[in-house]
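Below is one structure; the comments refer to it alone.
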Amino acid sequence: MSVGIDEISFYTSNYYLDLRTLAEVQQTDPDKYYEGIGQEKMGMAAPDEDIVTMAANAALPLIERVGSDAVSTLMFATETGIDQSKAAGVYVHRLLGMSNNCRVVEMKQACYSATAAIQMACALVARTPEKKVLVIASDVARYDLDTPGEATQGCGAVAMLISANPRLLEIDPEVGNHTEDVMDFWRPNYRSTALVDGKYSTKIYLRALKKAWENFRDVSSLAFDDFSHFCYHLPFSRMAQKAHQHLAKLNKADMTAEQIEAQIADTLSYNRIIGNSYTASMYIGLTSLLENCKQNIAGTKIGFFSYGSGCVAEFFSGTVVAGYEKYLHCTEHQTMLDNREEVSYEKYLELYRHPDPRDGSDLTIEKVTKGHFRLAGFSQHKREYVAS
Ligand code: CAA
């Protein structure tokens, strides 16, 4: 019996800022963003969108197919949680009408936690193969205005159904891990935006890649040449390009620069126009690969490098299942992305500064999102979510 990803669906906000607009205001060359960091647009959540609404919107097609009773556990990975105590997934559980016998938990370790959730989900399914686990990763990436991180904001959610004999990707049990106590990126409880030592974070990312890969090679028989494609954590697209060149060099790969680039290019399409979605980003990258790769990649091995600042990293592998192309949500994803609305710089600032009450005051939020679920307001310290 194999275990892995049976279905995958993602969602992002209705608004985006073109990084050309940001570059113009900052009097920066737009190529610094389009080429230098490899990003074109960044998703901006509408006032009535957050990690819960995006997560519920991402998971809706999956639950509509399998039914609300099919899932035994919902794991919600995020590093931009909305409550110190209650798991965001409990709201999603209600919005999707899931069974009261389904357990729900929230997981955190920066951008890495969705991978921990997937590995734990695989273990649960291996123990009870008739059960399915829903893993959702959802984040809103925010940095201070006028900082180097600003152009790498974004938001998005991805929902994955983990099952026995999956239809998309079989996940191998061997993993390589690297954990190290470093301060490259963090967000203390009293801050709504992340603190980051940008250049240091990219250095640590590459070091963690080397260490996790070495640990993977100790436990797996797979070598660099066995992989057709690689999915990396995507804080910005150029990071994946740097990482893959680094890994190819470490392995003394006899490949041209174009061949190396071809192993990751299709993973980047969605993230280039969504921005960083922290926990969700690598799995939106996987969706991008499966949905945008021109050749059929059934039977090929994919390598995954998951990185969460602070830091925990993991390298693992999977095999694309024959017939996978029949179970993707290409059209829905393309329609969702096409229906997004570009915002001006002024509107971007308004969205950025939209109040997320920290003093407990009540607030009614008007409907803006085109998604099925929205945040209707705050009342008596409670967030109120509704189906629109
Ligand atoms: N045309 C083409 N390229 C240009 C250019 C132009 N006009 N101007 C600059 N560039 C290039 C630069 O040469 C540079 O390329 P290299 O990296 O290959 O040298 C690239 O554009 C970026 O330019 P800078 O280095 O000057 O950019 P910066 O210092 O202003 O910001 C950053 C870069 C530090 C990554 C910043 O975006 C940042 O702090 N981001 C947030 C942190 C982050 O994402 N870290 C990633 C690792 S941590 C992680 O992965 C967890 C997570 O999700 C956050």
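For ligands, and for the atoms within them, numbers begin at 1 and follow the listed sequence.
Aromatic rings from Phe224 and Phe230 are positioned such that their centres are separated by under 6.0 Å.
Residue Pro148 places at least one N or O, backbone or side chain, under 3.5 Å from an N or O of ligand 1. In terms of polar-atom proximity, Thr202 is not counted as a contact of ligand 1, lacking any N or O under 3.5 Å from an N or O of the ligand. For ligand 1, the polar-atom distance check finds an N/O of His233 within less than 3.5 Å of one of the ligand's N/O atoms. In terms of polar-atom proximity, defined here as any N/O pair under 3.5 Å, Asp29 does make such a contact with ligand 1. Between Asn276 and ligand 1, an N or O atom pair is found at a separation short of 3.5 Å.
Nearest to atom 54 (C) of ligand 1 among the protein's heavy atoms is Tyr143 OH, 3.2 Å. Of the protein's non-hydrogen atoms, the one nearest atom 40 (N) of ligand 1 is Thr152 OG1, 3.5 Å. Nearest protein heavy-atom neighbour of atom 16 (P) of ligand 1: Lys242 NZ, 3.3 Å. Nearest protein neighbour of atom 9 (C) of ligand 1, counting heavy atoms only, is Lys32 CG, 3.7 Å. Looking from atom 39 (O) of ligand 1 to the surrounding protein, the closest heavy atom is Gly198 CA, 3.4 Å. For atom 22 (C) of ligand 1, the closest non-hydrogen atom of the protein is Ile37 CG2, 3.9 Å. Scanning the protein for heavy atoms near atom 20 (C) of ligand 1, the closest one is Gly36 O, 3.5 Å. Among protein heavy atoms, atom 29 (O) of ligand 1 sits closest to Lys199 NZ, 3.0 Å.
Proximity of Tyr34 to ligand 1 is not established, as no heavy-atom distance is less than 4.0 Å. Residue contacts with ligand 1: Ala151 is excluded, as none of its non-hydrogen atoms falls under 4.0 Å.
Seen from the ring of Tyr385, Arg94 does not count as a face-on cation partner, given the 6.0 Å and 45° thresholds. Judged by a 6.0 Å distance limit and a 45° cone about the ring axis, Lys41 is not positioned over the six-membered ring of Tyr15. At least one cation-pi condition fails for Arg383 and Phe378: the charged atom is not both under 6.0 angstrom from the six-membered ring centre and inside a 45 degree cone around its axis.
Of all the atoms in ligand 1, the ones that sit under 4.0 Å from a non-hydrogen atom of Val196 are 42 (C). Taking a cut-off of under 4.0 Å to the non-hydrogen atoms of Tyr205, the atoms of ligand 1 that pass are 50 (O). The atoms of ligand 1 that sit less than 4.0 Å from any heavy atom of Ser309 are 48 (S), 49 (C), 51 (C). Each of the atoms 54 (C) of ligand 1 lies under 4.0 Å from some heavy atom of Phe185. Close contacts between ligand 1 and Tyr307 involve ligand atoms 48 (S), 49 (C), 50 (O) [criterion: under 4.0 Å to a heavy atom]. Within ligand 1, counting atoms from 1 as listed, the ones closer than 4.0 Å to a heavy atom of Phe236 are 35 (C), 43 (C), 44 (O), 46 (C).
Within the 4.0 angstrom cut-off, atom 4 (C) of ligand 1 has one or more protein heavy-atom neighbours. The protein does not reach atom 12 (C) of ligand 1 closely, with no heavy atom under 4.0 angstrom from it. Put simply, atom 24 (P) of ligand 1 has protein non-hydrogen atoms near it, under 4.0 Å away. Protein heavy atoms are absent from the 4.0 Å sphere centred on atom 32 (C) of ligand 1.
With a heavy-atom cut-off of 4.0 Å, Asp31 touches ligand 1 through backbone and side chain alike. With a 4.0 Å cut-off on non-hydrogen atoms, Ser201 touches ligand 1 through its backbone as well as its side chain.
A salt bridge is defined here as a Lys NZ or Arg NE, NH1 or NH2 lying under 4.0 Å from an Asp or Glu carboxylate O, and Arg374 with Glu49 fails to meet this definition. Remark: Arg191 engages Asp144 in a salt bridge, criterion side-chain N to carboxylate O under 4.0 Å. For Asp31 and Arg20, the salt-bridge test fails: no basic side-chain N is under 4.0 Å from an acidic carboxylate O.
Ring-plane geometry between His333 and Tyr270 is classed as perpendicular, the angle between the planes exceeding 60 degrees on a 0 to 90 degree scale with a lower cut at 30.
Between the side chains of Tyr307 and Asp184, a donor-acceptor pair is found at a separation under 3.5 Å. Side chain to side chain, Glu150 and Tyr352 fail the donor-acceptor criterion of an N or O pair below 3.5 Å. At a cut-off of 3.5 Å, with distance as the only test, no side-chain donor of Lys301 or Ser317 sits close to an acceptor on the other residue. Counting only N and O atoms by type, the side chains of Thr115 and Tyr283 include a donor and acceptor under 3.5 Å apart. Under 3.5 Å, the side chains of Glu40 and Tyr16 contain no donor-acceptor pair of N or O atoms. Using a 3.5 Å distance cut-off with no hydrogens or angles, the side chains of Ser288 and Asn292 do pair a donor with an acceptor.
Leu124 and Leu169 fall within a single hydrophobic cluster, where Ile, Leu, Val, Met, Phe, Trp and Tyr side chains are chained together by heavy-atom contacts under 4.5 Å.
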Please walk me through it: do Tyr278 and Phe185 pass ring pair (Phe, Tyr, Trp, His ring centres under 6.0 Å)? CA-CA 12 Å; Tyr278 292 158; Phe185 167 107; 5.5 Å; yes
